[in-house]
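Report on one structure; see the data block that follows.
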2 protein chains.
Amino acid sequence: MEKEQTASMEDYLEAVAMLRRRGKAVRVKEISQALGVKMPSVTAALKKLSDDGLVEHERYGRVKLTPAGDRAAKSVFHRHQVLLRFLTQVLSISPQIAVEDACRMEHSISPITLERLSKFLEFAGACPRERPSWLENYKHYLEYGQLPASCPEKSVKE
Amino acid sequence: MEKEQTASMEDYLEAVAMLRRRGKAVRVKEISQALGVKMPSVTAALKKLSDDGLVEHERYGRVKLTPAGDRAAKSVFHRHQVLLRFLTQVLSISPQIAVEDACRMEHSISPITLERLSKFLEFAGACPRERPSWLENYKHYLEYGQLPASCPEKSVKE
DNA sequence: TTAGAATGTTAGGTCTGGCTAACTAAAGGT
DNA sequence: ACCTTTAGTTAGCCAGACCTAACATTCTAA
């Protein structure tokens, strides 16, 4: 079992993975800018992650994720993405706010809740799109504060 | 504007409010048991909250929330409840897990997201309950891994 | 090829939020 | 009334995660 990381360490792992994905050479400076912390904080974090076998980092050199580090980073990223999709696609929250919330909540969501949220998104995507679906009804409700006319008050037998 | 509290301080405030609501005299011991920390940690936290004007606590005495402390505690509690309802009622997560998640996420959810989640619950409660509603369809999907027969694949024109 | 700029590290400090050990106050039973 | 138990406090320690200041290395461009 991979060792549990703190929210902070998860942020560092995620940042390294992100920077890699963008092709940039992963340097201390970049990480520090990405996370809004000073370089010495990054150095300290990398030492810790290195001790835990999650990154490779030689003095003054580039930063690389180990396979374990990569798995850990992917896990954080996945949580981030699921939350982000839920916040934007279902709750209709603006991308800026959604990203901020995802960044904070990605560290406290449990695997079970994550899985359910994911299933919920699948369901929302799979269930009827045609005509005002329940999701569209929700958006109407958000905007006008009341249920849309198309939202059946009484059942429509079958 | 009330001063922003840390997750930890919010937990103390919430615990005090909870104990009060249950009629129990709010003592250091109780708080410590409720939060799973040792008594000296509680004493320290109460000193800080007292400095911030959120609780009243005289040496060896009972603990009381000030009006500001009460507002802060209510805010945390409200976040907790909205999350809890969403997790249990919409995502169908078991109460135990849902409580744990709510306890962690209540500290990182933004006011906007909270508000949307709340609206979502209102909507889910208001929109058609008769016949398999979209929420019931979701539960079916959770259980059987596929959309229920009653989930229209094609639109039903009006 | 070498000096200066840019980048990175080390040392040491702060703040938060836990802990244990040792002390003090309050409560309660006989 | 007093002596023990229980509750609460104080003091002091530790770890995480940040910071600044000072020092070291690497890169780059004249």
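Throughout, a chain's letter reflects where its sequence line sits, starting with A, and its residues are numbered from 1. The structure displayed is predicted, hence computed values, not measured ones.
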Nearest-angstrom distance from the residue atom CD of B/Glu30 to P of D/dG8: 9 Å
Nearest heavy-atom neighbours spanning B/Phe77 and B/Glu14: CA-OE2, 4.2 Å
Whole-Å distance separating the NZ atom of B/Lys47 from the P atom of C/dC15: 13 Å
Length of the CG-C1' vector between A/Asp51 and D/dG16, whole Å: 14 Å
Between A/Ser75 and A/Arg79: side-chain donor-acceptor atoms closer than 3.5 Å: yes
Exercise: identify the closest heavy-atom pair between B/Ile31 and B/Ala15: CG2-CB, 4.4 Å
Nucleotide nearest B/Val37 when distance is taken to its side chain, options C/dG8, C/dT16, C/dG18: C/dG18
Distance in Å, A/Gln5 CD paired with A/Glu10 CD, rounded so as to fall on 0.5 Å steps: 7.5 Å
C/dC19 phosphate, OP1 or OP2, under 4.0 Å from B/Lys38 side-chain N/O: no
In one Ile/Leu/Val/Met/Phe/Trp/Tyr side-chain cluster, 4.5 Å: A/Leu91, A/Val82: yes
Residue pair B/Ala102 / B/Leu84: nearest heavy atoms and the distance that separates them: CB-N, 4.2 Å
Separation of atom CD in B/Gln5 from atom P in C/dT16, rounded to whole Å: 11 Å
Base versus backbone protein contacts along nucleotides 9-15 of chain D [heavy-atom cut-off under 4.0 Å; B, S, -]: BB-----
A/Ser41 vs D/dA17: side-chain N/O to OP1/OP2 distance below 4.0 Å: no
Geometric class of the A/Phe120/A/Phe123 ring pair [parallel <30°, tilted 30-60°, perpendicular >60°]: tilted
Whole-Å gap separating P (D/dT26) and CZ (A/Arg62): 11 Å
Spacing of B/Lys48 atom NZ relative to C/dC15 atom P, expressed in whole Å: 12 Å
Selection: residues 7-17 of chain A, any non-hydrogen atom under 4.0 Å of DNA chain D: A/Ser8, A/Met9, A/Tyr12
Where A/Ala7 and A/His107 come nearest, the two heavy atoms and their spacing: O-CE1, 3.4 Å
First encountered from the 5' end of DNA chain D, between A/Gly36 and B/Val26: B/Val26
A/His107 NE2 - D/dA17 C1' separation (whole Å): 14 Å
Member of A/Val37, A/Val76, A/Val63 meeting the side chain to side chain contact (heavy atoms under 4.5 Å, CB included) criterion with A/Tyr12: A/Val37
Distance in angstrom units between B/Ile31 CD1 and D/dA7 P, rounded: 14 Å
